[in-house]
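Below is one structure, written out as structure tokens; the observations come after it.
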Amino acid sequence: MTAGTLHPTLAVFGRQLALYRRLWQASVFSSFVLPVLFLVSIGIGVGRYVGTLEGVDYLAWIVPGVLASTVLQISMGESTYAVLGDFKWSRAYHAMRATPVRPVDIVCGHLLYLVLRAEVAVVAFLLVVVFFGGLHSPWSLVAPLVCAVLTVATAAPVTAFAAAIDHDSYFALLYRFVVIPSTLFAGVFFPVEQLPAVVRPLAYASPLWHGVELCRAATLGRVTAWPPVVHVGYLLLWAVGGVTLAVLAFKRRLED
Amino acid sequence: MADQPLIFARDLVKRFGDFTAVNGIDLEVAPGEAFGFLGPNGAGKSSTMRMIGCVSVPTSGQLRILGMDPAREGTAIRARLGVCPQLDNLDPDLTVRENLTTYARYFGLSRAESGRRADELLEFVRLSDRAKGKVEPLSGGMKRRLTIARALVNEPDLVLLDEPTTGLDPQARHLLWERLFRLKQRGTTLVLTTHYMDEAEQLCDRLVVMDGGKIIASGSPRSLIETYSTAEVLELRFPDGLDLNGDYAAKLEGVGERIDPLPDRVLVYADDGDAALAEVHRRGLTPSSVLVRRSTLEDVFLQLTGRTLVD
Amino acid sequence: MLTTFVASPARVTRVSSGRVGAVINRNVGALRSGPSYWIVLLSGFFEPLLYLLSIGVGVGALVGALTVDGRSMSYAAFVAPAMLAVSAMTGVLAETTFNFFHKFKYAKTFEAVLATPVRPIEIALGELVWAVTRGSFYTAIFLVVMAVMGLTTPGLALAAFPATVLVGLAFGAVGMAVSTLMRGWQDFDLLNIGQFALFLFSGTFSPVRDYPLVMEILIQVTPLYHAVELVRALCLGAIGLGSLVHVAYLAVMIAGGLWFASRRLTRMLCV
């Protein structure tokens with residue numbers, strides 16, 4: 001019997017870090033270069049024709065949106081194929097399951113790693129944005145915190161989904177019908193008030209919109225239209241629900 | 001504590017829907033023993049192993065591992081198990097050594113201790129020179145050895161090996177057997193499944209033969225052979241045998257203790273194979289090929305189930 | 001028997017439409033593998049449409065009217081042809097890069113196909129025709145949507161369709177050529193980034209005139225720019241002699257891509 005000195009959640013986190021050390025170059029582009037390209041093309045290129053929106057220049061208006069959608073992108077990128085792959089192809093989760101590591105440790109270790117990944121991208125992005133003059137308030141410092149919650153709120157349910165399915169073609173559907181629509185319509189590029197009233201509730205339902213609202217309030221130094229506690233509460237709901245479902249799905253898949 | 005069995009099972013059952021994989025088995029494995037499950041694919045060996053490994057919940061029956069209840073103390077039990085699964089699940093994105101150190105961390109070992117054990121085990125399974133390399137280029141035998149090294153990283157009280165040499169070439173198998181034999185000599189308790197009789201004879205002190213989810217015989221390899229077979233077996237092939245082996249069996253009546261006509265040959269079970277062969281010739285039969293050999297577990301299995309083990 | 005044997009070397013040097021058809025047929029067969037594959041395939045056209053609605057219509061409402069080369073148009077009318085060209089590109093690239101690479105490197109599909117009388121150039125052609133068929137399916141639906149939204153006229157849409165096929169062929173041929181150079185999946189990240197950068201900067205969301213001169217010239221060298229300009233000119237009914245440059249550029253992509261891809265396939269598979 002060996003004396004346990006390291007919490008199993010941290011052991012899982014450590015494994016993810018070991019993998020990241022090997023793969024980080026590829027992620028630099030997707031989590032950092034792409035959002036900046038978006039900012040230049042839409043924020044500056046199209047922004048020239050938009051002028052100002054809600055009293056600020058268009059670039060500053062979409063910065064928090066692009067920031068939050070980057071977080072969504074990272075959440076998805078690491079919780080879909082990567083999770084299914086560790087069940088199906090490398091069977092790394094089965095290997096963990098043969099040790100004292102519990103399903104809840106696997107889920108939490110995975111999410112902990114994702115928060116780290118998201119925060120690295122968020123901080124790098126915010127630093128770049130400072131040079132574009134895209135941050136209007138010291139409240140911007142709160143944005144990384146919002147992004148951490150948004151990471152868990154989006155990654156946890158998707159992790160649960162990945163643990164419950166058997167074929168990766170569902171991910172293409174998830175991207176096409178959930179991720180891309182929410183990126184395009186949940187207040188990232190234009191206010192959701194512009195949407196037809198019929199589809200507006202879909203935007204309100206998406207965790208991304210709540211993240212965008214909070215981030216926008218932070219970087220522009222203004223109050224949200226809805227009480228912030230509603231936004232935070234809604235995100236926490238997704239986070240807690242997602243973690244619960246993920247743990248259940250992992251249990252089911254690893255224990256027959 | 002010393003004479004308490006590491007594995008204790010009574011009337012253990014595992015069902016998947018309508019399918020009964022394990023149908024009421026009793027087991028006891030003592031410390032230091034090398035215990036084997038022998039049987040064809042689908043006999044229920046792997047399901048039993050997964051229950052012992054505390055990753056599968058028994059449908060009914062009693063199961064205690066290391067004196068603990070898997071349902072409630074699974075985590076504590078797994079902390080003291082080493083598991084080598086049927087399918088290698090090494091981490092392809094990590095190096096050979098990282099596979100061990102990362103796994104060691106799951107048991108809560110410190111970074112320094114993980115590294116020390118990884119180096120020691122790589123030495124033990126003769127993979128030290130591949131430590132910094134990736135897993136993918138390793139041969140099947142090397143991967144298996146790495147998986148076994150990984151199973152030993154927590155210095156387990158009980159090592160579970162599910163078909164450790166399936167799919168390996170003869171050389172790789174022998175190297176693996178030799179390493180496992182060393183483990184056994186150190187007093188590590190081994191529980192393995194196999195569908196190779198030679199493997200069971202090489203490694204197991206005691207084994208059970210499983211078929212259709214049930215244990216159909218148990219004992220040491222030697223005692224099983226003595227109980228269910230004869231000391232020697234005479235294998236006869238006849239030039240026109242394929243369809244006529246039944247007829248030949250009739251003509252061989254009384255040559256040995258038992259005659260078994262298979263599609264391709266006729267087996268004559270006798271304690272003295274040469275004497276039986278002389279009798280065959282005396283009866284004027286002229287087989288195209290003749291082999292006198294020692295009885296194996298294959299013969300035991302054939303006697304018990306009426307069919308060959310090889311699938 | 002003997003005559004067939006003697007005659008065959010001469011016959012296999014010619015590209016056979018039957019054998020090209022057989023390669024296409026394999027892909028059609030793979031389509032039947034499951035309903036989820038169908039949904040994935042059909043839904044491929046949604047992405048450019050969603051961009052059109054979000055950036056073209058949504059952001060377009062913030063932009064108002066746009067004047068390009070002396071013509072005034074709604075922002076959506078400016079973005080729509082670009083999304084059409086993008087849809088022609090992505091639909092085809094999905095098939096000729098990701099799927100092609102998988103068949104080529106992992107599934108060993110081509111190795112099996114080449115054990116038959118089918119030749120590398122026939123594989124390349126078959127894969128290309130298949131991919132463009134899939135891509136054209138997207139662009140056709142997209143053109144209908146554009147006409148319904150009043151972003152082009154049915155007549156101009158009919159004129160633009162052949163141009164989207166040309167765009168598909170050009171990107172498909174180059175995509176295949178690039179796939180034969182891929183070392184592993186990690187290279188697809190680079191490809192995706194390249195594709196995404198083209199998507200953002202090829203005069204898709206704002207006129208290239210707006211960019212600094214160096215960047216403008218740089219963009220004019222890249223392929224999607226030519227695809228967007230050609231398709232936009234057709235959709236807006238502003239076709240001119242300059243459009244021939246774009247056609248020529250795309251034609252060179254087709255010829256060069258096919259030549260390179262079949263040469264690489266021959267070299268890698270027929271050894």
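Only the side chain of C:Tyr75 comes within contact range of chain A, judged by heavy atoms closer than 4.5 Å. For C:Phe196, the part lying under 4.5 angstrom from a heavy atom of chain A is the side chain only. Proximity to chain C is limited to the side chain of A:Leu53, based on heavy atoms less than 4.5 angstrom apart. In this structure, chain A has a heavy atom under 4.5 Å from the side chain of C:Leu66, while its backbone stays farther away. Using a 4.5 Å cut-off between heavy atoms, A:Phe38 touches chain C through backbone and side chain atoms alike.
With contacts defined as side-chain heavy-atom distances shorter than 4.5 Å, the pair A:Val50/C:Val59 qualifies. The shortest distance between side-chain heavy atoms of A:Phe185 and C:Leu50 falls below 4.5 Å.
Within 6.0 Å of OH on A:Tyr204 lie more than 12 heavy atoms contributed by other residues, nucleotides or ligands.
By number of non-hydrogen pairs under 4.5 angstrom with chain A, the leading residue of C:Gly64, C:Pro207, C:Ala61, C:Ala197 is C:Pro207. The most heavy-atom pairs under 4.5 Å with chain C, out of A:Val188, A:Leu195, A:Ile44, A:Ile180, come from A:Ile180.
Between A:Tyr49 atom OH and C:Leu62 atom CG the span is 15.0 Å, to the nearest 0.5 Å.
Taking all atoms of both residues into account, the shortest heavy-atom contact from A:Phe190 to C:Ser54 is CE2-O, 3.3 Å.
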